[in-house]
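Worksheet for the structure shown next.
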Amino acid sequence: MAPYLFLCLFLFFPHLYASFSSSESHSCSSLIQFKDSFSITKDASWYFDYITGLKSYPKTNSWKEGTDCCSWDGVTCDHLNAHVIALDLSCSWLYGTFPSNTTLFLLPHLQKLNLAYNHFNSSKIPSEFGRFTSLFYLNLSNTWFSEVPSQVSHLSKLVSLDLSSRIDYSGQVTIDKHALEGLVHNLTEVRHLFLDGINMTSVNAHVFMNLSSSLRSLSLAFCDLQGKFPKNIFDLQNLNLLNLRYNQLSGQIPRSLGNLLQLTHLHLSGNQLSGQIPLSILNLTQLEYLEISENSLEGSIPDEAYICHLAILVNSPNF
Ligand SMILES: *[C@@H]1O[C@H](CO)[C@@H](O)[C@H](O)[C@H]1NC(C)=O
Ligand SMILES: *[C@@H]1O[C@H](CO)[C@@H](O)[C@H](O)[C@H]1NC(C)=O
Ligand SMILES: *[C@@H]1O[C@H](CO)[C@@H](O)[C@H](O)[C@H]1NC(C)=O
Ligand SMILES: *[C@@H]1O[C@H](CO)[C@@H](O)[C@H](O)[C@H]1NC(C)=O
Ligand SMILES: *[C@@H]1O[C@H](CO)[C@@H](O)[C@H](O)[C@H]1NC(C)=O
Ligand SMILES: *[C@@H]1O[C@H](CO)[C@@H](O)[C@H](O)[C@H]1NC(C)=O
Ligand SMILES: *[C@@H]1O[C@H](CO)[C@@H](O)[C@H](O)[C@H]1NC(C)=O
């Protein structure tokens, strides 16, 4: 009788089966193995403490083998089947080369992964990251990695991608031209794209002409981008933030800037932009922060800009 009862339970309440299964403990040991491939050292996250004034701590210190990892600091599971769906080990003092065979890749259900502000010692981001096809959030900012693999463009569900690097490390992270093309082409859902500090010396800025119209934030500071920026950017009407600081972009700021009605932050300092600031800037009624210094711009910002939006901060020696 008893075995029958169990069978019925599993048939009608399949989630019970999951909680008895070993998939959960497999995920837990994968996480432990992942953690064990790094040393834990405060220096790995010092930059976070430095810029935020907060105190980082190793989240993995509370991880105890033999306990349910769904309750561990930084780990989130799906209630139904106990799959690990989110891992936030940002600012957790992880130091060392990122192993390409890490057990992290045995967690295929991950939807959110944040490893920002750890120190991966100039290792390449393994191409196996391309297997995380369920990811909608990936954050590897300020992790001292050296190369973005083209497989990142397989993560077509990404809504947020942050691969930005701190300024004094900028130029050290490389991305292949085709990888960048693939990324722009495939990430059709992306809303927040932060690629600051990635060396794009060998990339034509035109690669960015077909970005997703869902985009809210585009940040490409210190990328060493050359030439004219594609006009299509000014058709991305949902943009709140456009940061192109410190590249080598030339040409004029197009009138179509006035299409970006949602824009709150515009950073164009440190380029070779020329000509007049288009009057259409008056259209940007949401603008809170404007940075255009260190360019070859002529004329001045229309007075109305000051009157209409008092919050504008004009950080420019030209005016
Ligand atoms: C960090 O990289 C250096 C230079 O490649 C290497 O000698 C060192 O062993 C690496 N350290 C770790 C913990 O991976
Ligand atoms: C990964 O590879 C290294 C050597 O290449 C090996 O020592 C280690 O056990 C492997 N790790 C896993 C989880 O397979
Ligand atoms: C990435 O993580 C860091 C640290 O938690 C955070 O400051 C940053 O805003 C994150 N980036 C995105 C795009 O969420
Ligand atoms: C960017 O990469 C190029 C090679 O593609 C290299 O010559 C240049 O020095 C790098 N820039 C920085 C700032 O490291
Ligand atoms: C786009 O993503 C799919 C899988 O999600 C992949 O098969 C394809 O190669 C990707 N295309 C590019 C250009 O990366
Ligand atoms: C952008 O899209 C257009 C139309 O689909 C296409 O002709 C063009 O080659 C694309 N440009 C890039 C740089 O991908
Ligand atoms: C200003 O915004 C309006 C929509 O409110 C738009 O129709 C117009 O083209 C914009 N003007 C310029 C110069 O961009």
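Counting starts at 1 for both ligands and their atoms, following the listed order.
- Residues F38 and Y95 keep their aromatic ring centres 6.0 Å or farther apart.
- No chain of hydrophobic side-chain contacts below 4.5 Å, direct or via other Ile, Leu, Val, Met, Phe, Trp or Tyr residues, connects L140 to F136.
- Between K59 and D88, at least one side-chain N (NZ, or NE/NH1/NH2) sits under 4.0 Å from a carboxylate O, which counts as a salt bridge.
- Taking atom 6 (C) of ligand 2 as the reference point, the nearest protein heavy-atom neighbour is N101 ND2, 4.2 Å.
- Listed by atom number, the atoms of ligand 5 under 4.0 Å from G182 heavy atoms are 13 (C).
- For the residue pair D224/T201, the side-chain donor-acceptor check at 3.5 Å is satisfied.
- Some N or O of N199 is nearer than 3.5 Å to an N or O of ligand 4, by distance alone.
- Atoms CG and CE, from D235 and M209 in turn, are 10.0 Å apart once rounded to the nearest 0.5 Å.
- Counting only heavy atoms of the protein, atom 9 (O) of ligand 5 lies nearest to H154 NE2, 3.6 Å.
- Residue contact check: S156 has heavy atoms under 4.0 Å from atoms 5 (O) of ligand 5.
- Close contacts of ligand 5 with S153, meaning ligand atoms under 4.0 Å from a residue heavy atom, involve 1 (C), 2 (O), 12 (C), 14 (O).
- The protein heavy-atom contact nearest to atom 8 (C) of ligand 5 is N186 ND2, 3.7 Å.
- Residue Q33 has at least one heavy-atom neighbour below 4.0 Å for each of these atoms of ligand 2: 13 (C).
- A cation-pi contact links K112 to Y137, judged by a cut-off of 6.0 Å to the six-membered ring centre and 45° from its axis.
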